Amino acid sequence: MAIPKQKFTLPFFTLLLVNLWSNQMVIMAMESIPIGVVLDLNSTVGEMAESCMSMAVSDFYALNVDFKTRLALFTRDSSSDVVAATSSVLDLMKNDQVHAIIGPQKSSQAKFVIELGGKAEVPIVSFSATSPTLSATQSKYFVRTAQDDSSQVKAISSIVQAYGWREIVPIYEDTEYGNGLVPFLLDAFQEIDTRVPYGSRIPLYFNDTQIMSELHKLKEMKKSIFLVHMSASLGSRLFLLAKDAGMMSEGYAWLVTAGLSALLDPLGSEVMDSMQGVLGIKPHIPSSKKLESFKSRWRKKFTISKPQSKINELNLFGLWAYDTVWAIAMAVEKAGIVHSRYVKPNTSESTVDIAALGKSETGPRLLSSILSTRFQGLGGDFHLAGGERVPSAFEILNLIGKAERVIGYWTPERGLSRNLYTNGKIAYSTSKNKLKEPIWPGDTTQQPKRLRIGVPLKTGFNEFIKVEWNPEDDKPIVSGFTRDVFVSVVEALPFPLPYEFIPFVNKNKQSAGTYNDLLEQIKLKNFDAAVGDITIIANRSTYVDFTLPFSESGITMVVLTKRDERENMWIFLKPLSLELWLTTGIAFILTGLVVWVLEHRENKVFRGKPAQQLGTTLWFSFSTLFFAHREKVVNNWTRFVLIIWIFVVLIISQSYTASLASILTVKRLQPTFVDVKEIRKNGYFVGHQKDSFVKDFLVKQLKFNDTMLREYSTPEEYHDALSRGTHNGGVAAIFAGIPYVKLFLAKYSSKFQMAFPLGSPLVPYISRAILNVTQDKDKMDEIERRNFGGETTCSDQPSMEPSGGLGLPSFGGLFIITGVASMSALLIYVTKFLYIHWPASNTMDQERSFYLRVLELAKHFDKEDPSAHHLNGAGSRVHAVPSVEIVGASPDIDDARSHSRTSSEGSGDIIGDQDHDNHTPRNSAANPEPPHTP
């Protein structure tokens, strides 16, 4: 049965009127507080913020119906213009007497508006001006309810460090927002030793052609890791053009800051498609039922109010705008603001007269209340410190398809982590293992910026570096000593370093050039580094950086060895050099001559016939070599000379013995050539390693003619060329780096020897890692055994310069000492003799010539010294004879007679009797001579 509608119509309208009247009474009871809002209403952030703030007012007062204050929002459109934003703020302050300003939206606008806020003492509360150049230090009336852009810098540097990017290029818009973050990024990258070789600044007025030109410039610079800090409008254009430039393919990496990551939804499918594989970072918003409920209500309302809008999802700035309204509403109520006004200095009616603004009566009170407000908002914990929102955790995003995939989180306490909420204390980490594996541009899991390591293709000495190709996939396989050392060094680095080996070959898989050509490719940016048996030389270091060497560097000469000297019949002469032999012989003779001069007049042993005296002198001198002399010396000066001489002889004889023993017991292999000048003078051929810098060294430094050089690649070719010798088409020597020569000698050490030696931001890390690896003896030994099969050096290698025996310089001081001693004794003795006997010569006939005088003096020297009491048997006999003076006889005649008689009487004495002082002549007692009668 139908029920008539009339019965319910009157009560329904009565109830409705009662509710409306009740709500109106509540509203009328509230104090309306004017709050200004300045937004770019045609922008994504502006549209969303306006709707969120409207809902925030409704939601807040629906929940707090007993509050005595109510916010009244007065919205102005700044139209993305700095002047318009400033004018809007002036209008709100002048005409609407607002207690606070929410906005403006952009950092460039806020830069001017906060000055006005400080002058009028009106809080300027911004939820979207995130540039670090804006802060409460500029004006205490500036409050930022968003996170400062600089708060994400540590998270960005952790991501860069995790993936081992040692070089990155920031691309940013040339605005207050874009430029403000760059200094903070540079400082953060410097702390982790990541180079920023170039910064790409894109002005807002750039058209697509100009942006594409900048991208091509980066591509030509071989840059592949980029950090983008832009607004959504400019960033979307950049990625569309980057895709057209081929820079969104494999091998590239892109990281975007929070300003762009938070606005991915309205960018459109085409832009999202161009950003595949991009990594992003944005503040983490904790999920809650309240948030999910609000998102649902907002989506319905926004779709109805703005059906043409491309915005489908609520973003971060909308939530911060919502929380900002709630914070101001709480602060106004807490401050108890009612019936406030501006205190004006004059009555000017101009709406743009800054001087007419005056100062807000409640500004300081409201500012203090806002700064102390704290609650759990839709965007998380609302808490201000230093006039800014305290930063929280950051999400790390990876764009795949049309979705944002969270691959990890960053927090100030724990660094990178895969899960945000974990139990227990976790150490700070910058390891990529803490993140999920991302999909990179080009739809690959291979991490971009793998170092392109150039390796040489060698035909010999493959123990150092060897390149082969896998027959299945035709990919290069690199092995060898230098490769293994490099891999160990990379493992020792404090950060990951992805790399790939690229052989330096042409399309026919043949060597594309010399080692200099290989290093030139680094300069040309075709390779990031080179690994191999590369020698550090001065001219190369002008265009590439070298790490610390992990093997001995330098050039050496390898030559054929001579036969063993022990087979030489004249080997006993080898211990001393020719100069030392001659000097020693002369010293023996001179010493014997000095001894004869000193002993001749006093010692009968050194008298007699000339031949006998010469024999005695030489015998005495050379017998001191073996300490076999038996002749007793009587002159003290002779003893002085012999003490020093015997000391010299002892040292020479001992040194000779030691040197000869060494030659006879130690195998010595002497090189056939030790002098480059000798090789060059004789026009002999010399060899060098193929495609090595040694060729230039031989031509420019050692002055060899090009026609005299021969190239060799393998140890076998070295052996063949040296074995054939200089007269059979071989070479006199081969010049090569020390590591090659050591490896060659490890195989052919019995026949050859060395003659003599001739003396990126990743570099410091690689060098330190090389030190760590090379100091690990077990690891280096294992690498050497794996590649060389044992020791690479030859244990029986002699010194570089073959010894020619003991030389004169080694004993020069001894010869000088003995020479000075001998000459001094001789000079003193001769001077004394001349002093005593020269007056006697003056009695000679003055008409005699000087020659005859000298001859007469020499004859006098040849006589026995009558004052020598220790002559063999002569002394006592001479003194036993009475002194008889022959009248008219010359003293010289008497001396001659005495000498004749003494010689005759002493003819029976035995030469060599050692005890001259105690010797008693046989006939002196038994047959005394009768005295001569006058």
Side-chain angles (χ1 to χ4, degrees), residues 456-465 511 513-516 533-535 537 551-565 667-759 788 792-794 796-804:
L457 180 65
K458 298 173 62 67
T459 55
F461 293 97
N462 290 325
E463 292 85 352
F464 289 105
I465 194 78
S511 177
T514 64
Y515 279 57
N516 287 337
D533 46 343
I534 302 170
T535 304
I537 56 177
S551 182
E552 187 176 2
S553 61
I555 306 172
T556 190
M557 180 175 74
V558 59
V559 298
L560 192 66
T561 58
K562 296 179 181 179
R563 64 185 180 89
D564 193 351
E565 287 185 349
K667 184 178 181 180
R668 291 175 176 262
L669 302 177
Q670 292 192 5
T672 52
F673 298 99
V674 295
D675 191 358
V676 175
K677 294 180 180 178
E678 179 185 358
I679 298 175
R680 189 172 58 237
K681 179 180 179 181
N682 294 329
Y684 295 141
F685 290 107
V686 295
H688 64 86
Q689 190 179 9
K690 187 177 181 181
D691 297 331
S692 171
F693 74 96
V694 177
K695 179 178 180 180
D696 292 336
F697 175 81
L698 292 175
V699 174
K700 296 178 181 179
Q701 301 296 325
L702 299 187
K703 308 302 180 183
F704 278 99
N705 194 297
D706 277 338
T707 59
M708 308 307 295
L709 304 182
R710 297 289 183 268
E711 291 185 340
Y712 303 104
S713 300
T714 66
E716 291 72 24
E717 292 179 354
Y718 280 23
H719 175 266
D720 180 64
L722 290 170
S723 298
R724 283 188 278 122
T726 57
H727 301 293
N728 297 314
V731 295
I734 289 179
F735 292 83
I738 292 177
Y740 306 108
V741 174
K742 284 189 173 182
L743 184 58
F744 169 71
L745 293 179
K747 297 181 178 181
Y748 304 104
S749 60
S750 61
K751 297 179 61 178
F752 309 97
Q753 69 176 117
M754 287 188 287
F756 62 95
L758 303 172
F788 302 128
T792 58
T793 58
C794 207
D796 61 349
Q797 283 298 304
S799 59
M800 295 299 102
E801 292 288 345
S803 175

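Just so you know, residue 1 is the first one in the sequence shown, and it goes up from there. All figures in this text were calculated on a predicted structure; none of them were measured in a lab.
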Quiz item: Is there a donor-acceptor pair closer than 3.5 Å between any side-chain N or O of N682 and the backbone N or O of E678?
Solution: yes
Quiz item: For N462, what residues pass the side chain to side chain donor-acceptor pair (under 3.5 Å) criterion, not counting sequence neighbours?
Solution: none
Practice problem: Measure from the side-chain N and O atoms of Y740 to the backbone N and O of D533, and report whether any donor-acceptor pair falls under 3.5 Å. | Solution: yes
Quiz item: Hey, does L709 have a side-chain heavy atom less than 4.5 Å from the side chain of V699?
Solution: yes
Quiz item: Could you state the interatomic distance from NZ (K690) to CZ (R710), rounded to the nearest 0.5 Å?
Solution: 14.5 Å
Quiz item: N705 and T707: side-chain donor and acceptor closer than 3.5 Å?
Solution: yes
Quiz prompt | side chain to side chain contact (heavy atoms under 4.5 Å, CB included) evaluation trace for L722 with F744 | solution = CA-CA 12 Å; L722 290 170; F744 169 71; 4.2 Å; yes
Exercise. Verify side chain to side chain contact (heavy atoms under 4.5 Å, CB included) between Y712 and D720, making sure each step is shown before the conclusion.
Key: CA-CA 10 Å; Y712 303 104; D720 180 64; over 6 Å; no
Self-check item: Value rounded to 0.5 Å, distance of OG in S692 from CG in N516
Solution: 8.5 Å
Quiz item: Could you state the interatomic distance from CZ (F697) to CD1 (I555), rounded to the nearest 0.5 Å?
Solution: 4.0 Å
Practice problem: Compare all side-chain heavy atoms of L702 with those of F735 and state whether any distance is below 4.5 angstrom. | Solution: yes
Quiz prompt | Where L457 and S511 come nearest, the two heavy atoms and their spacing | solution = CD2-N, 3.6 Å
Quiz prompt | Polar side-chain atom of N728 near backbone of G730 as donor-acceptor pair, under 3.5 Å | solution = no
Quiz prompt | Check against side chain to side chain contact (heavy atoms under 4.5 Å, CB included), K458 and Q689 | solution = CA-CA 11 Å; K458 298 173 62 67; Q689 190 179 9; 3.2 Å; yes
Practice problem: Drop me the distance from I734's CD1 to H688's NE2, to the nearest 0.5 angstrom. | Solution: 10.0 Å
Quiz item: Do V741 and Y718 come within less than 4.5 Å of each other through their side chains, counting heavy atoms only?
Solution: no
Practice problem: Could you tell me the separation between the CZ atom of R680 and the CE atom of M708, rounded to the nearest 0.5 Å? | Solution: 11.5 Å
Quiz item: Are any of the side-chain heavy atoms of F461 and P715 separated by less than 4.5 Å?
Solution: yes
Exercise. Might you point out which heavy atoms bring L698 and G687 nearest each other, and give the distance in Å?
Key: CD1-O, 4.4 Å
Quiz item: Between F693 and T514, does a side chain to side chain contact (heavy atoms under 4.5 Å, CB included) hold up when you go through it step by step?
Solution: CA-CA 8 Å; F693 74 96; T514 64; over 6 Å; no
Quiz item: What are the two closest heavy atoms between T459 and T714, and how far apart are they?
Solution: O-CG2, 3.4 Å
